[in-house]
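Bear in mind that the values here come from a model prediction, so they are computed numbers and not experimental data.
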Amino acid sequence: MSAPLFLVDDLPAGPSYTLTGPEGHHAATVQRLRAGETLILADGRGGSATAEVTAVGKGAVEVRVVSRSAQAAPDPRLVVAQGIAKGDRGELAVQAMTEIGVDEILPWAASRSVAQWRGDRGAKSREKWAATAREAAKQARRAWLPIVGGDPDCSTKQIAARLSDAAAAFVLHEEATVRLAAAGLPASGEIVLVVGPEGGIADAEVASFEAAGAVPVRLGSEVLRTSTAGVAALSVLSARLGRW
């Protein structure tokens, strides 16, 4: 089994470090790490350090840094505008897309989104997406923590603006004739993918996104749920870009 990963604000500058706070509690109490075991410290910005546990205290773990590494930011960068879904479907999508390798997730307030992020509820919902992405990144041993955008969500106008600035932009749509597996991809820059909510993407939204330069694409003959469509699309892109 690979060494567990713990996120820290900054990597240790010296040869020793004490992991405290929620991550230290998780390492000492939940993971029950012991002296001699190995763990990974990551800053979520590409930097990581492999370390050996030297002592375990109450809610804290002392380590000795063995090696350090830095991973360049992915390029092209994969961004998904995920239509806000009801229940836990949005969180399921965020979790799986993070494990697949998404670089940024934009919570999109689509016209057919049943759930509406307003006021305190919106802020809490966005925080839940961010926390889900953080935990999934740790599980996947990712050096780069994906960004969850929105304030707390993004409007159709904001998504269209992001599409217009992208190196390539795609909208998953069941009536599209172009397959994502055959669509042209850039060598660098941002690839932005739009995934609709449960009710799909409205015609006016598709038109707005096409006007911004996005290409409607499909994955296959099946119609996927909002919680799985982005995951499937990212898998196709990851394979085509050589990430997998």
Side-chain angles (χ1 to χ4, degrees), residues 2 42 44-46 48 69-83 85 89-90 92-108 110 129 132-133 136-149 154 159-197 200-201 205-206 208-244:
S2 58
R45 301 182 298 277
S48 63
S69 64
Q71 185 180 106
D75 186 33
R77 197 165 174 271
L78 299 178
V79 180
V80 175
Q82 172 67 50
R89 290 180 182 175
L92 289 172
V94 170
Q95 179 185 44
M97 290 192 297
T98 298
E99 293 174 0
I100 293 295
V102 71
D103 298 303
E104 185 173 357
I105 301 170
L106 305 172
W108 172 36
W129 277 30
T132 298
K138 290 168 57 178
Q139 176 66 35
R141 314 296 196 266
R142 288 189 55 170
W144 283 88
L145 184 65
I147 297 170
V148 176
C154 297
I159 298 300
R162 191 65 179 269
L163 294 172
S164 66
D165 291 336
F170 304 105
V171 180
L172 289 184
H173 197 277
E174 61 188 70
E175 297 179 3
T177 57
V178 177
R179 292 183 180 271
L180 182 58
L185 299 180
S188 63
E190 280 193 350
I191 298 175
V192 183
L193 178 75
V194 179
V195 179
I201 304 176
E205 292 168 332
V206 175
S208 175
F209 295 154
E210 285 188 285
V215 178
V217 295
R218 65 183 304 154
L219 293 168
S221 57
E222 296 79 15
V223 178
L224 303 181
R225 290 180 180 271
T226 186
S227 56
T228 56
V231 179
L234 286 171
S235 299
V236 172
L237 293 174
S238 294
R240 294 191 60 197
L241 293 171
R243 288 193 177 195
W244 286 10

Problem - Closest contact, heavy atoms only, Val148 versus Ala133 - result: CG2-CB, 4.2 Å

Problem - Worked verdict on Arg218 versus His173 for side-chain contact (heavy atoms from CB on, under 4.5 Å) - result: CA-CA 6 Å; Arg218 65 183 304 154; His173 197 277; over 6 Å; no

Exercise for the section: Show your working on side-chain contact (heavy atoms from CB on, under 4.5 Å) between Arg162 and Glu104 and close with a plain yes or no. Expected result: CA-CA 12 Å; Arg162 191 65 179 269; Glu104 185 173 357; 2.6 Å; yes

Practice task
Please confirm whether the backbone N or O of Thr177 pairs with a side-chain atom of Arg179, one donor and one acceptor, at under 3.5 Å?
Solution key: no

Handout entry: Val217 side chain near Leu172 side chain, heavy-atom distance below 4.5 Å
Key = yes

Completion exercise
Smallest heavy-atom separation, Ala212 atom then Ala160 atom, equals CB-O, 3.3 Å

Practice task
Report the distance from atom OG1 of Thr98 to atom CG of Leu145, rounding to the nearest 0.5 Å.
Solution key: 8.0 Å

Practice task
Show your working on side-chain contact (heavy atoms from CB on, under 4.5 Å) between Glu205 and Ile159 and close with a plain yes or no.
Solution key: CA-CA 10 Å; Glu205 292 168 332; Ile159 298 300; over 6 Å; no

Practice task
Enter the distance from Glu99:CD to Lys138:NZ here, rounded to the nearest 0.5 Å.
Solution key: 13.5 Å

Fill in the blank from the handout: Smallest heavy-atom separation, Phe170 atom then Ala183 atom, equals CE2-CB, 3.6 Å

Exercise for the section: Answer whether the closest heavy-atom distance between the side chains of Ser238 and Leu78 falls below 4.5 Å. Expected result: yes

Fill in the blank from the handout: When rounded to the nearest 0.5 Å, the distance separating CZ of Arg77 from CD1 of Ile147 is 4.5 Å

Problem - Validation row: Asp165, Glu190 side chains within 4.5 angstrom (heavy atoms) - result: no

Handout entry: Gly90 to Ala85 - nearest heavy-atom pair and separation
Key = N-CB, 4.0 Å

Without placing hydrogens or testing angles, list every side-chain donor-acceptor pair under 3.5 Å for residues 223-237, not counting sequence neighbours.
unit_1 : atom_1 : unit_2 : atom_2 : d
Thr226 : OG1    : Gln82  : NE2    : 2.7
Thr226 : OG1    : Gly196 : O      : 2.7
Thr228 : OG1    : Arg225 : N      : 3.4
Thr228 : OG1    : Arg225 : O      : 3.2
Ser235 : OG     : Val231 : O      : 2.9

Exercise for the section: Specify the closest pair of heavy atoms between Ala137 and Pro146, including all atoms of both residues, with the distance to one decimal. Expected result: CB-CD, 4.1 Å

Handout entry: side-chain contact (heavy atoms from CB on, under 4.5 Å) between Trp244 and Ile100, worked out
Key = CA-CA 10 Å; Trp244 286 10; Ile100 293 295; 3.7 Å; yes

Exercise for the section: Kindly give the heavy-atom pair with the smallest separation between Pro186 and Leu241, and that separation in Å. Expected result: O-CD2, 4.4 Å

Practice task
To the nearest 0.5 angstrom, please state how far the OG atom of Ser208 sits from the CD atom of Glu210.
Solution key: 10.0 Å

Handout entry: Rounded distance (nearest 0.5 Å) linking atom CD1 of Ile191 with atom CG of Asp75
Key = 9.0 Å

